[in-house]
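Count residues from 1 along the sequence.
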Amino acid sequence: MQTNHTLRDEAAALLARLGVPAGSHTGGSLHVVSPIDGTRIAEVPTLPAADFPAMVGAACTAFEAWRSVPPPQRGELLRLFAQELRAGKDDLGRLVTLETGKIVQEGLGEVQEMIDICDFAVGLSRQLYGLTIATERAGHKMREAWPPLGVCGIISAFNFPVAVWSWNSAIALVCGDALIWKPSEKSPLTALACQALLERAIAKHGGAPRGLSQLAIGGAELGEALVDDPRIALVSATGSTRMGRAVAPRVAARFGRTLLELGGNNGMIVAPSADLELAVRAILFSAVGTAGQRCTSLRRLFVHDSVYDALLERLKRAYAQVPVGDPLEAGTLVGPLIDRRSFEAMQASLGEARAAGATVHGGQRELAERRPEAWYVRPALVEIATQSAVVCRETFAPILYVMRYSDLAEAIRLHNAVPQGLSSSIFTTDLREAELFTSATGSDCGIANVNIGPSGAEIGGAFGGEKETGGGREAAATRGRPTCAASPSPSTIRGSCRWHRASSSNCRP
């Protein structure tokens, strides 16, 4: 494989400024390829599976010390880490782009999410409450407490290589837990950078033990070791439903805990009263952002008969004009798919949709002559009459299936008739429709949005889904209580509001 010294040199310079030693990304067996042009930018050494038990042992020792540190002092570590992230934001955000292909603004936004969750955790460090509970026995007192859990194993995916790790790690650290992180094999460089920044914060803190956070870079064998080790109290895994099916029973077999963030096949309903201009912007961002490689990407669109034709014409124009290209260049909105396998999966799904009678707009490969080893595509808009098997199956690419509906109850039924249940959305200015969609008889997803697209998350609101999405919740330290980021009212119903359904803690607060 060709090596692009321009991108390679830039990656090396970014890593050096972020404090990563050169030996951590050169001379190793894991070849890191940039999706920007398909060339190699680093060779990362991996951890032998035989060395993993010692890593877990060190984490257990660190946990025994860290759990006794007062929570506000644990919060101080997160404050210091946020400082390091602020200082390194531009470099880390650009490294995210080099390694994943998302546009620079998205890379910077991902780092900002890390800063935000650290700030959230600092505040949480003084709010790790329990309960004093009335007891039926005279002379007794009953108290509920939430002690630290133990060593938390984090398995992250390529598409959000740093933000999702921080959602887990910030809460776990402030709650008194130790960390072992296995990043995606497609994005180890950003993991090396995050580890270096956290180690810098640990050194400044002075009271954090060695081994509190460790990085395990490697393949499936290493992942299996993490999942199977009984000393790891919780495994938080982000990835495909197939991966979750392999992880969950193995952890359950040893009575460990899991937090699973798996597939998402997110839908939106556009009602007759919807603000179409607002809807078009939300649909475009939700469906094509990160080249459709978000777990919250919009993939299914149900449009009322009365507005279908008008909305579809606007979407066709928007899709034809969206800038696809090098994510490092200003003005680009859609970068490349992560690799050839993703491109082939997209083309297979489009072929299946055509065979089912669908009309496909876009979806073709772009920049093939200039970037033969990279996989840029025009986002696809697919008119399809029914919710066929291909629509019910998540394809991790920028494909949006568009369907008509005439009755809201039927639209909600179709919306819920898929195995996944992460994020959902309705566009309406009718308060009754909004309330129905967010009620127990409405969306069956973990997240329900009103007049905003399903893509994305907000720090402090529990993030996660139901059904084959896994049932876990990240980015908030709640304990089974529903959380609400905003409530609709006649004055705000045209704006954006988001609900997060019943949530549970990542690590016990």
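A donor-acceptor pair under 3.5 Å is formed between the side chain of Tyr376 and the backbone N or O of Ile36. Between the side chain of Lys467 and the backbone N or O of Asn416, at least one donor-acceptor pair lies under 3.5 Å. With Ser24 contributing its side chain and Val20 its backbone, the two residues share no donor-acceptor pair below 3.5 Å. Trp66 contributes a side-chain N or O that, together with a main-chain N or O of Leu173, makes up a donor-acceptor pair within less than 3.5 Å. When atom types are taken as modelled, the side chain of Ser443 and the backbone of Phe437 share no donor-acceptor pair closer than 3.5 angstrom. For the pair Lys182 (side chain) and Gly218 (backbone), a donor-acceptor distance under 3.5 Å is present. At least one donor-acceptor pair closer than 3.5 Å links the side chain of Gln214 to the backbone N or O of Met55.
From Glu10, atom CD reaches atom CG of Leu95 across 9.0 Å, with rounding to the nearest 0.5 Å. Atom CD in Glu474 sits 9.5 Å away from atom OG in Ser166 (nearest 0.5 Å). To the nearest 0.5 Å, the span separating OG on Ser187 from CG on Leu98 amounts to 12.5 Å. Separation of atoms CD (Glu366) and CZ (Arg378) is listed at 4.5 Å; rounding is to 0.5 Å. Considering CG of Leu14 and NE2 of His25, their distance stands at 10.0 Å, rounded to 0.5 Å. Note that the CG atom of Asn168 and the CD1 atom of Ile155 stand 11.0 Å from one another [nearest 0.5 Å].
Looking only at side-chain heavy atoms (C-beta outward), Ser349 and Arg393 come within less than 4.5 Å of each other. Using a 4.5 Å cut-off on side-chain heavy atoms (C-beta onward), Pro183 and Leu215 make contact. Looking at heavy atoms from C-beta onward, Phe396 lies in side-chain contact with Asn159 at the 4.5 angstrom threshold. Inter-residue side-chain proximity for Leu400 and Leu381 is flagged as met; some heavy-atom pair is nearer than 4.5 Å. Side-chain contact between Ser125 and Leu78 is absent, with no heavy atoms from C-beta onward closer than 4.5 Å. Contact annotation: the side chain of Arg245 approaches that of Thr241 to within less than 4.5 Å [non-hydrogen atoms, C-beta and beyond]. With a 4.5 Å cut-off on side-chain heavy atoms, Asp177 and Pro148 count as touching. Contact annotation: the side chain of Ile426 never approaches that of His415 to less than 4.5 Å [non-hydrogen atoms, C-beta and beyond].
Other residues, nucleotides and ligands contribute at most 12 non-hydrogen atoms within 6.0 Å of the CZ atom of Arg242. Residue-environment remark: CD (Gln364) exceeds the threshold of 12 foreign heavy atoms within 6.0 Å.
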Please list every donor-acceptor pair under 3.5 Å in which a side-chain atom of residues 334-341 meets a protein atom from a residue at least two apart or in another chain.
unit_1, atom_1, unit_2, atom_2, d
Asp339, OD1, Arg341, N, 3.3
Asp339, OD1, Ser342, N, 3.0
Asp339, OD1, Ser342, OG, 3.2
Asp339, OD2, Lys186, NZ, 3.0
Arg340, NE, Glu344, OE2, 2.9

For a quick test of your reading: what N or O donor-acceptor pairs under 3.5 Å do the side chains of residues 192-203 make, sequence neighbours left out?
unit_1, atom_1, unit_2, atom_2, d
Gln195, OE1, Ser213, OG, 3.1
Gln195, NE2, Glu199, OE2, 3.0
Gln195, NE2, Ser213, O, 2.7
Arg200, NH1, Glu84, OE1, 3.2
Arg200, NH2, Leu18, O, 3.1

Practice item. Would you check, one step at a time, whether the test side-chain contact (heavy atoms from CB on, under 4.5 Å) holds for Thr190 with Thr100? Key: CA-CA 10 Å; Thr190 44; Thr100 69; 5.8 Å; no

Review point. Passes salt bridge (Lys or Arg N to Asp or Glu O under 4.0 Å), Glu394 versus Arg294? Steps please.
Key: CA-CA 11 Å; Glu394 181 188 31; Arg294 292 185 175 208; over 6 Å; no

Exercise for review: I would like to know whether Asp119 and Ile459 meet side-chain contact (heavy atoms from CB on, under 4.5 Å); could you show each step before the answer?
Suggested key: CA-CA 10 Å; Asp119 289 347; Ile459 297 308; over 6 Å; no

**Study point:** Chi angles and distances behind the side-chain contact (heavy atoms from CB on, under 4.5 Å) call for Asp229, Arg254
**Key:** CA-CA 8 Å; Asp229 197 305; Arg254 60 176 179 82; 5.6 Å; no

Exercise for review: For the pair Glu106 and Thr290, evaluate side chain to side chain donor-acceptor pair (under 3.5 Å) and give the outcome as yes or no after the intermediate values.
Suggested key: CA-CA 8 Å; Glu106 288 193 59; Thr290 323; 2.4 Å; yes

Practice item. Using the side-chain contact (heavy atoms from CB on, under 4.5 Å) rule, take Val418 and Arg300 through it: C-alpha gap first, then chi angles, then the decisive distance, then the call. Key: CA-CA 10 Å; Val418 295; Arg300 299 176 299 130; 3.5 Å; yes

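Nearest approach of Arg299 to Thr395, heavy atoms of both residues: NH1-O, 3.1 Å. Closest heavy-atom contact between Leu259 and Leu234: CB-CD2, 4.5 Å. The heavy-atom pair separating Ala448 from Ser424 by the smallest distance is CA-OG, 3.4 Å. Nearest heavy atom pair, residue Phe81 against residue Cys118, reads CD2-SG, 3.6 Å. Of all non-hydrogen atoms in Ser297 and Gly289, the two that sit nearest each other are OG-O, 4.2 Å. The shortest heavy-atom contact between Cys295 and Leu262 is CB-O, 4.3 Å.
Partner of Arg371 under the side-chain hydrogen bond (donor to acceptor under 3.5 Å, both in side chains) criterion, chosen from Thr39, Asp37, Asp326: Asp326. Across Leu333, Val104, Thr97, Val96, a single residue satisfies side-chain contact (heavy atoms from CB on, under 4.5 Å) together with Pro327, and that is Thr97.
The existence of a salt bridge linking Glu43 and Arg8 is confirmed by a sub-4.0 Å separation between a basic side-chain nitrogen and an acidic carboxylate oxygen. The existence of a salt bridge linking Arg17 and Asp90 is excluded, since no basic side-chain nitrogen approaches an acidic carboxylate oxygen closer than 4.0 Å.
Relative orientation of the Trp181 and Trp165 rings is parallel, given thresholds of 30° and 60° on the angle between their planes.
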